[in-house]
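Along the sequence shown, the residues carry numbers beginning at 1. Since the model is a prediction, treat every value here as computed from it, not as a measurement.
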Amino acid sequence: MSWLLNLYETYESNVDQVGKIEFKHNGNEFTLLPISHTTQTAHIEVQITEDGEFHSASIVDGADAITVIPCTEDSASRSGIKAPPYPLHDKLSYVAGDFTSYGGKQKEPFNNYIKQLEEWAMSPFVVPKVKSIYTYLKKGQLIRDLVNEGILYLDEDGKLIKKWDKKYEALYGEKPKIFSVVAGEQTSAFVRFNVYSATKVLTSIWKDKEIYESFINYYNGKLSDNDYCYVTGKNKPFTEKHANKIRNSGDKAKLISANDKSGFTFRGRFTDSKQVATISYEVSQKAHNALKWLINRQGKIIDNRVFLVWGNDDLNVPNTTDDTYDLYSLDFLRETPEKTERISYTNKEFATEFAKAIEGYKNNLSIKSNVNIMILDSATTGRLAVLYYRNLNKEEYLNRLINWHSTCVWRHTYRKDGDGKRVTFIGTPATKDIAFAAYGPTASDKVVKGLMERILPCIIDQREIPEDITKSAFYRATNPVGMERWEWEKTLSIACALINKKEGYTVSLDKENNDRDYLFGRLLAIADVLERSALGPDENRSTNAIRFMNSFSKHPERTWKTIQASLQPYQMRLGKKGQYFSMLIDEVASRINLEDFNNKPLSGKYLLGFYSQRHELYQKHEKNTNEGENQE
């Protein structure tokens, strides 16, 4: 119940955001829903005058189709042919009193709808807009008006066309827009209503807070049956019907459901769902609406799996799925001066710098400030599960984030800034990039979301990275021939970060490290840079060191003989510079004990030595080039 309580508290802390329209990156609108409200995709918008007369109608544009609508307990989770109606906006078969006159088979949905709307319209909580809509709809002429307006279309028998056919082109011309926006028949179109005034500027009904409050006050008076709420510990009206549409407006999966009333009735442990737990209507509504809002606002969804991090009092907290470069881009880190690359960082130094960057943020925290980490996914279309949930003190959460970003660390060059220029950063890769490094850029969303779920406990619970993930990234980084250069460089640096999480090496070259595998990696890097220097900038083919990299990792002593023999012509071509590389090879090789110079397969530490040695040689090359240009 703790996640429900924290979502409920989040709603209470952000009640001023209820009804405020926000926008996703793709331009779609979303808002923190009021209680007793949900969302639906509208297809037709009907304008009613204040006097209750038809004014106009239009097909709703896709970007503006998501509509906030009032709902009851029954309609919020409705299904089947005789599903209960929504209180105001609904499908054509519910809101059109002349539905049966144009081919509809049932009058009952409209009768139930108009009776429910009448109760609201006659209640003391009603507002003029609702009365205007009720006055018009009780006339029972909606379909007739929509046909006259050119929104709906009839066949030769005067009935609504079920499916568009080319034979209707002679009568109507091109395919009408309604058949493009509605997936099924015209009768399944969802209609939303608005009130038009020639003298006043009126707020759209689905954005009008006065309408929200009107329905909430009206519906609260209809709630009954108080019971103990297991979330808040108070006696309030309870509910057994909980919200769906959690991840998107078409999501039918529920987090809380109890409909096992036949067969294995509650596994034989209970006779009714209330014996398990009861949740108040208010808590259920607020918690689910807060969750929907947070997912739209800051959740990351991969193959319908939701990764969500939020704070109870401060929603914007660093996300576990981001890399270090993204974290430095957050508002509270933008003014930090220590963002420039420093290859000389040790892990301890980097941890200190990263901790400094968020120290100001931590100073503003209250003692009770908490962070929630949640993963949601569904196995079926009707059931949604909490796969992972943690609630931590925010300072503890940030400390664990610092630990992750200062231990799983390496130098990366695959990111781009806002101008599309490649940038270098020292830190931790994003969990999604780890998945691509381990399983390739064509890895399915199912594979990616599975890895991201497995990595999360490594960050939050400080567990070791699963060995199969590290090995997979290591094997891909050791086989560069099958990849493009940029992909291999990205895979290499991420593999180094994963390996370094366990080894704790410095990113800069450690010349005092006499580990066998590290030294073999240094030898391979020297051979690569030597040959690359001799080939020149116009030659793009892989060096022998890179081509034999996979074989070298399995049989280092045997493969090194082949690589070293192939270096002789390049050493001669480089002249004096070639002598420097030869001396460096001799120096590194002399550090390997004679008994260790064998064909025992190399561990991931050889990649760390390879990367660090190669980077230092390129740094020296750039420095010498710049000094030469300055002298000229």
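Side-chain contact between Phe307 and Tyr388 is absent, with no heavy atoms from C-beta onward closer than 4.5 Å. Between Arg297 and Asn316 there is a side-chain heavy-atom pair separated by less than 4.5 Å. Proximity of His412 to Thr324: side-chain heavy atoms (C-beta onward) are nowhere separated by under 4.5 Å. Side-chain contact check for Leu291 versus Val306: every heavy-atom pair is 4.5 Å or farther apart. Under the 4.5 Å side-chain criterion, counting only non-hydrogen atoms from C-beta, Trp560 is in contact with Ile585. You'll find the side chain of Tyr505 stays beyond 4.5 Å of the side chain of Asp510, heavy atoms only. Contact of the Asp433 side chain with the Ile494 side chain is registered, since non-hydrogen atoms from C-beta on lie closer than 4.5 Å.
The two residues Thr431 and Thr320 make their nearest non-hydrogen contact at CG2-O, 4.1 Å. Of all heavy-atom pairs between Val448 and Ile302, the closest is CG1-CD1, 4.1 Å. When all heavy atoms are compared, the tightest approach of His405 to Asp322 is CE1-O, 3.6 Å. Nearest heavy atoms, Thr428 versus Cys408: OG1-O, 2.7 Å. Scanning both residues, Ala290 and Leu32, for their nearest heavy atoms gives CA-CD1, 3.9 Å. Contact between Leu327 and Pro318 at its shortest, heavy atoms only, is CD2-CB, 3.7 Å.
Side-chain N or O atoms of Trp410 include none that pairs as donor or acceptor with a backbone N or O of Ile426 at under 3.5 Å. Of the possible polar contacts, none joining the Asp528 side chain to the Thr543 backbone as a donor-acceptor pair under 3.5 Å is found. In this structure, Gln298 contributes its side chain and Leu315 its backbone to a donor-acceptor pair below 3.5 Å.
Between His615 and Tyr611, the ring planes are parallel. Angles under 30° get that label, and only those over 60° would be called perpendicular.
Put simply, the residue from Asp517, Asp515, Asn513 that forms a side chain to side chain donor-acceptor pair (under 3.5 Å) with Lys605 is Asp515.
With Phe520 as the aromatic partner, Arg516 does not meet the cation-pi criteria of under 6.0 angstrom to the ring centre and within 45 degrees of the ring axis.
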Verify salt bridge (charged side-chain N to carboxylate O under 4.0 Å, His left out) between Arg463 and Asp461, making sure each step is shown before the conclusion. CA-CA 6 Å; Arg463 300 178 188 172; Asp461 303 328; 3.7 Å; yes
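Under 3.5 Å, the side chains of Asn598 and Glu557 contain no donor-acceptor pair of N or O atoms.
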